[in-house]
J.: 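Below: one structure in structure tokens.
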2 protein chains.
Amino acid sequence: MKRNTWQREAVKSALDAQEAFVSAQQLHATLRDDGTAIGLATVYRALSDLAAAGGADSLQSAEGEALYRACTPGQHHHHLICRNCGVTVEIEATHVEQWAKSIATEHGFTQPEHVVDVFGLCPECTALSAG
Amino acid sequence: MKRNTWQREAVKSALDAQEAFVSAQQLHATLRDDGTAIGLATVYRALSDLAAAGGADSLQSAEGEALYRACTPGQHHHHLICRNCGVTVEIEATHVEQWAKSIATEHGFTQPEHVVDVFGLCPECTALSAG
DNA sequence: CGTCTTATTGATAATGATTGTCAACATCAG
DNA sequence: CTGATGTTGACAATCATTATCAATAAGACG
């Protein structure tokens, strides 16, 4: 049976409060800073449960860390991510969905899934780097 | 000054001999099995040099390992990868390039880069899983 | 061919994210 | 309230990757 604990709630709402992709470590630090005493392992577990349940998106940073972000459940979407500050915009990619399916089929591949993410500098970071 | 060593040559040709993405560890094991005494650290170094020089593509597996594959230098391309056996097909994605640029611009993002990879089951693995 | 400079190697230690362990604890049905 | 058991959290363990550093070898030069 699945139980509801304040820890899982805390992780969920801490993730909701983020506008950018964050690592488990960062989220753990944030929670601690907010006065929430929670174990690191628990944050890892809560995040991977959330991701498995579709309540969060995850991706790997260039350095290999796992990053998480709250998302609308059930929606398949992709991301436009600032490589400097991490700010994220959800984007739709109907075109790309179609393209991925057809290219897979062309080559005889089945059960296609795809990883599509766009990295760049957000307006703010662009301004900063220009100044 | 950059020196030519048999170790780097060995890594390069071992990578060329692979039709799938492989990890540094796997490549090291392969080399050892072939009777080539080479250090693990050297394989790591050779692979990241190769990738930096454009002689190899790299991506992160779902488990977070770095995987490498020989590729045509200078060509920007994406991959269709079998999630079971790792076989890889290089694909072009002119559409997607354009789309990535325009979506980034729309949101005020600059210097767009993108990660686009399609995973699926190759014809062989599809047949196997069906049988 | 020898010699010298220094890039490279490789065994091993160190790092750092993530996962496993397991006793103590909290949740929820009854 | 109480008991069965899912969950927590401190810490150890794991695993890929990187740093360390003495020993080695590539290549320029004579």
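The shown structure was predicted, so the numbers you read here are calculated from the model rather than taken from an experiment. Within every chain, numbering begins at 1; the chains are lettered A, B, ... in the order of the sequence lines, protein sequences first and strands thereafter.
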J.: So B:Ala37, base contact, sugar-phosphate only, or nothing? Heavy-atom distance under 4.0 Å.
T.: sugar-phosphate

J.: Do the side-chain N and O atoms of A:Gln25 and A:Tyr44 include a donor-acceptor pair separated by under 3.5 angstrom?
T.: yes

J.: Starting from P on C:dT9, measure out to CD on B:Glu9 and report it in whole angstrom.
T.: 11 Å

J.: Which whole-number value in Å describes the distance from A:Trp6 CH2 to C:dC25 P?
T.: 15 Å

J.: If you take the centroid of each ring, where Trp contributes its six-membered ring, are B:His114 and A:His78 closer together than 6.0 Å?
T.: no

J.: Write down the protein N/O and nucleotide N/O pairs, taken from nucleotides 15-17 of chain C, whose separation is under 3.5 Å; answer none if there are no such pairs.
T.:
none

J.: So, does A:Asn4 get its side chain near the phosphate of C:dT27, meaning an N or O under 4.0 Å from OP1 or OP2?
T.: no

J.: Ring centres of A:Phe21 and A:His79 under 6.0 Å apart?
T.: yes

J.: Would you tell me if any nitrogen or oxygen in the side chain of B:Thr42 comes within less than 4.0 Å of OP1 or OP2 on C:dG10?
T.: yes

J.: Does a salt bridge link A:Arg69 with A:Glu19, judged by any charged N lying under 4.0 Å from a carboxylate O?
T.: no

J.: Decide whether B:Leu59 and A:Leu59 are clustered together by the hydrophobic rule: side chain heavy atoms of Ile, Leu, Val, Met, Phe, Trp, Tyr closer than 4.5 Å, transitively.
T.: yes

J.: Please report, rounded to the nearest Å, how far the C1' atom of D:dA16 is from the CD atom of A:Gln60.
T.: 12 Å

J.: When all nucleic acid strands are considered with a 4.0 Å heavy-atom cut-off, which category describes A:Thr5: base, sugar-phosphate, or nothing?
T.: sugar-phosphate

J.: Take the protein atom CD of B:Gln26 and the nucleotide atom P of D:dC15, then report the distance between them rounded to whole Å.
T.: 15 Å

J.: To the nearest angstrom, how far is B:His28 atom NE2 from D:dC15 atom C1'?
T.: 16 Å

J.: Do A:Leu67 and A:Phe119 belong to the same hydrophobic cluster, where Ile, Leu, Val, Met, Phe, Trp and Tyr are linked whenever their side-chain heavy atoms lie under 4.5 Å apart, directly or via other members?
T.: yes

J.: Base, sugar-phosphate alone, or nothing: which one does A:Arg45 contact when heavy atoms must sit under 4.0 Å apart?
T.: base

J.: Write down the distance between NZ (A:Lys2) and C1' (C:dA29), rounded to a whole number of angstrom.
T.: 19 Å

J.: Figure out the CZ/C1' separation between B:Arg8 and C:dT9, and round it to whole Å.
T.: 10 Å

J.: Return whichever of B:Leu40 or A:Met1 has its heavy-atom-nearest nucleotide of DNA chain D closer to the 5' end.
T.: A:Met1

J.: Return whichever of B:Ser23 or B:Arg3 has its heavy-atom-nearest nucleotide of DNA chain D closer to the 5' end.
T.: B:Ser23

J.: Donor-acceptor pair, distance only, cut-off 3.5 Å: does the side chain of B:Ser13 make one with the backbone of B:Glu9?
T.: yes

J.: Roughly how many Å is it from CD in B:Gln7 to C1' in D:dA23, rounded to a whole number?
T.: 13 Å

J.: For B:Ile38 and for A:Tyr68, find the nucleotide of DNA chain C with the closest heavy atom, then tell me which residue's nucleotide is more 5'.
T.: B:Ile38

